Amino acid sequence: MIVATDRAELTAAREALGVARGKATLALVPTMGALHEGHRSLIRLAREHADHVAVSIFVNPLQFGPNEDFSRYPRTFDTDLAACEAEGASVVFAPDPAAMYLPDRQVTVSPGTMGTVAEGAFRPGHFEGVLTVVLKLFNLVRPDVAVFGDKDAQQLAIIRRMVTDLDLPVEVVGAPTIRDADGLAMSSRNRYLGPAERITGLALSRALRAGAERHTPQETLDAAHAVLRAAETADPPLAVDYLVLVDPGTFAEVRPSHRGRAVLAVAARVGTTRLIDNVVVSYA
Ligand code: AMP
């Protein structure tokens, strides 16, 4: 496995693997490190789609707000490298921020209105930071395929939109959410949770399951809200940012008469940890 920390090393890796000469295909799995089983499942899926897999590990400062956890985001580089190697990645691209962003950089990628709803309403500038780094990674790594998790459903929808709207020559593949046995969606941020906080945090997946069992959008929202309301009085309490039922492609809220698929998405905080989760619901 080749570890590339700047553009020149990445170019050399593409050459060494035959990707630069069109002899082999490449799939990219972008991550912020602190890799868990969810990330590992993305690497395995990526291997099914290309001859080689590149994993990027980069905690992107552009997608964190001023009061978010950029400086304390978990960084576990050595175990991350071991995980990538064990899953059969051919390249890890781990640039430092100075290698990615010039001090006088100007241009970013706008997510449009899709970036201002749900997660975007609570994290202004977040999706602009995500799209900017993803486009840069696409241009640097030049993968044939890129794999992203359904866990970040709005991110995945906006990236698909960028690929369509900007005619990017990349195939985007979505990967199912991996959960712990208790239902909590795996996340690098779960390691912040104490035992009691984790129990409170289980309300997210419980609310989604309750909502997904219902047969109309209103019943779904009512059932999920009921679970979240109970958790708001738990000790420690859950602080809900949003619960929305949205169109999977646009993230616009669906009408009460909606038929077909919708995404039930939730974000909430327990203590200082912010959790997100979602599930696809189908209405006949
Ligand atoms: P992150 O390192 O949090 O930026 O995530 C990197 C990629 O892994 C993103 O495409 C995420 O959607 C995906 N991912 C994160 N958690 C999970 C999970 N529990 N199951 C599947 N994919 C995940």
Side-chain angles (χ1 to χ4, degrees), residues 27-49 53-65 68-70 72-77 79-81 83-84 87 89 92-95 97 100 118-119 123 126-138 141 143 145-163 170-193 198 201-202 204-205 208-209 248 251 263 265-267 273-280:
L28 172 65
V29 179
T31 82
M32 299 204 299
L35 302 184
H36 49 67
E37 185 53 34
H39 298 111
R40 294 178 73 132
S41 75
L42 266 54
I43 300 173
R44 291 195 291 272
L45 183 61
R47 287 186 63 191
E48 294 174 20
H49 285 268
V53 173
V55 179
S56 62
I57 298 178
F58 181 62
V59 185
N60 173 31
L62 237 56
Q63 70 188 69
F64 287 79
E68 295 183 1
D69 57 348
F70 174 71
R72 73 172 185 127
Y73 195 83
R75 288 159 170 91
T76 59
F77 191 60
T79 48
D80 290 351
L81 287 186
C84 292
E87 296 300 349
V92 169
F93 179 47
M100 282 296 272
E119 196 62 7
R123 303 186 69 186
H126 171 67
F127 288 117
E128 183 180 337
V130 169
L131 290 188
T132 301
V133 80
V134 168
L135 182 58
K136 283 171 70 75
L137 289 169
F138 284 179
V141 178
V145 176
V147 181
F148 296 89
D150 293 336
K151 160 80 172 16
D152 298 278
Q154 189 172 6
Q155 166 176 287
L156 174 55
I158 294 176
I159 288 167
R160 286 191 192 283
R161 206 51 214 231
M162 170 172 77
V163 165
V170 181
E171 182 197 342
V172 173
V173 172
T177 300
I178 305 298
R179 298 175 181 281
D180 279 318
D182 59 10
L184 191 71
M186 287 191 185
S187 163
S188 304
R189 291 186 170 98
N190 290 354
R191 71 191 68 200
Y192 300 148
L193 295 170
R198 187 181 170 104
L202 290 177
L204 276 79
S205 55
L208 298 178
R209 280 200 306 276
F251 263 69
V263 171
V266 63
T273 305
R274 192 164 178 282
L275 302 172
I276 65 170
D277 200 353
N278 71 88
V279 69
V280 174

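A quick note: this is a predicted structure, and the numbers were derived from the prediction, not measured. When reading the values below, keep in mind they use all heavy atoms of this one structure, side chains included, and skip hydrogens, waters and symmetry mates. If you read the sequence from its start, that first residue is 1, and numbering goes on from there. Counting starts at 1 for both ligands and their atoms, in listed order.
Ranking protein heavy atoms by distance to atom 1 (P) of ligand 1, first place goes to His39 NE2, 3.7 Å. For atom 21 (C) of ligand 1, the nearest non-hydrogen atom of the protein is Pro176 O, 3.4 Å. Here the protein heavy atom with the shortest distance to atom 20 (N) of ligand 1 is Ile178 N, 2.8 Å. Closest to atom 6 (C) of ligand 1 among all protein heavy atoms lies Pro30 O, 3.3 Å. Closest to atom 4 (O) of ligand 1, if we only count protein heavy atoms, is Met32 CG, 3.6 Å. Scanning the protein heavy atoms around atom 11 (C) of ligand 1, the nearest turns out to be Asp152 OD2, 3.1 Å.
Looking at Leu42 next to ligand 1, no N or O pair under 3.5 Å apart turns up. At under 3.5 Å, not a single nitrogen or oxygen of Asp150, backbone or side chain, sits near a nitrogen or oxygen of ligand 1. Between Gly149 and ligand 1, a contact under 3.5 Å exists for at least one N or O pair. Every N/O-N/O distance between Val147 and ligand 1 stays at or above 3.5 Å. The shortest N/O to N/O separation between Lys151 and ligand 1 does not fall below 3.5 Å.
Between Arg123 and Glu128 there is no salt bridge, since none of the side-chain N atoms of the basic residue sits less than 4.0 Å from a carboxylate O of the acidic one. A salt bridge links Arg44 with Glu37; the closest basic N to acidic carboxylate O contact falls under 4.0 Å. One finds a salt bridge joining Asp180 and Arg198 here, because a Lys/Arg side-chain nitrogen approaches an Asp/Glu carboxylate oxygen to under 4.0 Å.
Near Phe148, the atoms of ligand 1 lying under 4.0 angstrom from a non-hydrogen atom of the residue are 10 (O). In the vicinity of Thr31, heavy-atom distances shorter than 4.0 Å reach the ligand 1 atoms 2 (O), 6 (C). Taking every non-hydrogen atom of Met186 and a distance limit under 4.0 Å, the qualifying atoms of ligand 1 come out as 16 (N), 17 (C), 18 (C), 19 (N).
Cation-pi geometry between Arg75 and Phe70 is met: the NZ or CZ atom falls under 6.0 Å from the ring centre, inside 45° of the normal. Note that Arg72 lies in the cation-pi zone of Tyr192, set by a 6.0 Å cut-off to the ring centre and a 45° limit from the axis.
Inter-residue side-chain proximity for Val29 and Val53 is flagged as met; some heavy-atom pair is nearer than 4.5 Å. Side-chain contact between Arg179 and Thr177: present, with at least one pair of heavy atoms (C-beta onward) separated by less than 4.5 Å.
For the pair Arg179 and ligand 1, no heavy-atom separation below 4.0 Å is found.
Asn190 places a side-chain N or O within donor-acceptor distance of the main-chain N or O of Ala185, the cut-off being under 3.5 Å.
Atom-to-atom distance recorded for Gln155:CD and His126:NE2 is 6.0 Å, nearest 0.5 angstrom.
Few gaps surround CZ on Arg189; more than 12 heavy atoms of other groups in view lie less than 6.0 Å from it.
Residue contacts with ligand 1 for His36 involve side-chain atoms from C-beta outward but no N, CA, C or O (heavy atoms, distance under 4.0 Å).
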